[in-house]
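A short worksheet on the structure shown next.
FYI, side chains are in, hydrogens and waters are out, and symmetry mates aren't considered; it's all heavy atoms of this structure. Here is the naming used below: chain letters follow the sequence lines, and residue numbers restart at 1 for every chain.
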Number of protein chains: 2
Amino acid sequence: MILKSQVEWALHCCTILAGLPNGRYLSTKALAEFHGVPKEYLSKALQSLSQAKLVDSTLGPSGGYRLSRPAAEISFLDVVEAVEGKERTFVCNNIRTNNPCRPKSYCEAGPCAIARIMWEADEAWRASLRSVTLAALIQTLEKEIPVTLWQSSSEWVLNRAG
Amino acid sequence: MILKSQVEWALHCCTILAGLPNGRYLSTKALAEFHGVPKEYLSKALQSLSQAKLVDSTLGPSGGYRLSRPAAEISFLDVVEAVEGKERTFVCNNIRTNNPCRPKSYCEAGPCAIARIMWEADEAWRASLRSVTLAALIQTLEKEIPVTLWQSSSEWVLNRAG
DNA sequence: GAGTACTTACTCGGATAGACGCTGTCCGAGTTACACAGG
DNA sequence: CCTGTGTAACTCGGACAGCGTCTATCCGAGTAAGTACTC
């Protein structure tokens with residue numbers, strides 16, 4: 001059970017978009033070039049973000065994507081769920097109903113105890129992702145990344161932002 | 001990103017094995033019949049449990065599996081990791097190194113900030129699974145399952161235990 | 001009655017095949033900004 | 001200078017193929033318990 005690489009890409013792209021000046025857009029091409037990933041496949045991830053209403057898109061030249069809300073209001077969970085979907089990581093097929101001793105009249109009350117425990121862990125994972133916003137990520141990045149690299153990167157991005 | 005159905009099967013099988021009297025074995029065939037799943041494929045899940053040293057196996061007639069430790073010392077995480085592996089659910093491909101502005105001399109210090117956050121959530125998931133033992137599961141099951149069904153099931157199992 | 005060979009039932013591992021999702025590429029339709037030509 | 005047309009750049013969506021993983025099945029090798037058979 002491993003998350004798609006699109007999740008990684010989407011998170012990195014959101015980071016870049018969060019650093020964009022208000023109202024500016026950045027194209028898929030620029031994002032793909034910056035991260036060294038295939039443009040056409042990256043566009044799938046961005047489409048997922050767009051469908052989830054996390055980013056706005058514009059057509060035409062100097063078009064592209066921008067965050068639809070402030071970075072402080074977008075959590076990691078938002079991005080992960082946009083790409084991976086909101087379904088739980090554990091699905092219960094209710095195999096307990098195959099128990100040969102089970103009377104046909106018997107009707108289960110509530111979900112399987114095993115499923116409940118698995119879903120609880122799933123919720124813990126989501127809660128952890130929900131607690132971190134893009135703004136918080138950028139704050140730690142600003143501390144970790146050398147100033148020169150940070151500046152040259154935002155300059156690179158700005159030159160391509162429409 | 002969805003867990004294999006083998007995880008569900010393994011958890012249910014461990015529950016049955018945990019209810020077995022000390023030293024008794026239960027065969028793959030009986031476990032498969034009880035849960036209504038294909039015997040040969042279920043055996044893969046049980047082999048994973050065996051490789052992870054969660055269960056002991058015996059060959060020959062009246063052979064099968066039993067827990068290798070008390071149910072109170074086996075957590076959900078043990079079972080899940082036995083089947084799914086211990087790898088983290090998020091893999092960092094370090095695409096930050098593709099940044100065109102990055103000087104070649106520059107060497108990253110420590111893992112990517114995005115990966116760290118994803119791994120923290122992964123750890124929260126695992127911690128939640130680690131906190132629940134098979135013994136605790138059985139305790140809740142005893143409360144929820146009707147006494148008659150509980151008894152007839154353990155009788156069914158005992159008749160097939162070697 | 002004691003010892004030995006045989007049968008049976010099971011685990012374990014490898015080989016195999018289909019279904020499905022992920023990865024990655026390609027192309028066409030639609031949209032917008034900009035440049036350019038004509039009045 | 002203004003208007004209209006054309007072009008370029010981009011998003012979006014669908015179609016498609018390759019690949020690995022998950023699901024599922026089958027078979028053979030090895031092992032242990034029980035049974036029959038021999039001395």
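- Note on B/R130 versus B/E123: salt bridge recorded, some NZ/NE/NH1/NH2 to OD/OE distance being below 4.0 Å.
- Partner of A/V79 under the side chain to side chain contact (heavy atoms under 4.5 Å, CB included) criterion, out of A/T15, A/L49, A/L129: A/L49 alone.
- The distance between atom CD of A/Q6 and atom C1' of C/dC22, rounded to the nearest whole Å, is 8 Å.
- For B/W9, whose side chain is taken as the heavy atoms from C-beta onward, the closest listed nucleotide among C/dT31, D/dA24, C/dT8 is D/dA24.
- When rounded to the nearest whole Å, the span between CG of B/N93 and P of C/dT23 equals 10 Å.
- One can place CZ of B/R160 at 11 Å from P of C/dC10, the figure rounded to the nearest angstrom.
- Contact annotation: A/T28 reaches the phosphate of D/dT11 (side-chain N/O to OP1 or OP2, under 4.0 Å).
- A donor-acceptor contact under 3.5 angstrom links the side chains of A/N99 and B/S153, judged on distance only.
- Rounded to whole Å, the distance from NZ on A/K29 to C1' on C/dT25 is 17 Å.
- As rounded to whole Å, 14 Å separates atom C1' of C/dT8 from atom CG of B/L59.
- Using a 4.0 Å cut-off on heavy atoms, the residues of residues 34-51 of chain B that approach DNA chain D are B/P38, B/E40, B/Y41, B/K44, listed by number.
- A side chain to side chain contact (heavy atoms under 4.5 Å, CB included) with B/F76 holds for exactly one of B/L137, B/V7, B/T133; it is B/L137.
- B/E84 places its CD atom 13 Å from the P atom of D/dT21, with the value rounded to the nearest Å.
- Within a 6.0 Å sphere centred on CG of A/N22, heavy atoms belonging to other residues, nucleotides or ligands number 12 at most.
- Contact check, B/S5 against D/dT23: a side-chain N or O comes under 4.0 Å of OP1 or OP2.
- Between A/L3 atom CG and C/dC22 atom C1' the separation is 13 Å, expressed in whole Å.
- Considering all non-hydrogen atoms of both residues, B/L3 and A/M118 come closest at CD1-CE, 3.6 Å.
- Distance CG (B/L17) to C1' (C/dT11): 14 Å, rounded to an integer number of Å.
- Taking every side-chain heavy atom of A/K4 into account, C/dC22 is the closest of D/dA8, D/dC22, C/dC22.
- Here the side chain of B/E8 pairs a donor or acceptor atom with the backbone of A/N93 at under 3.5 angstrom.
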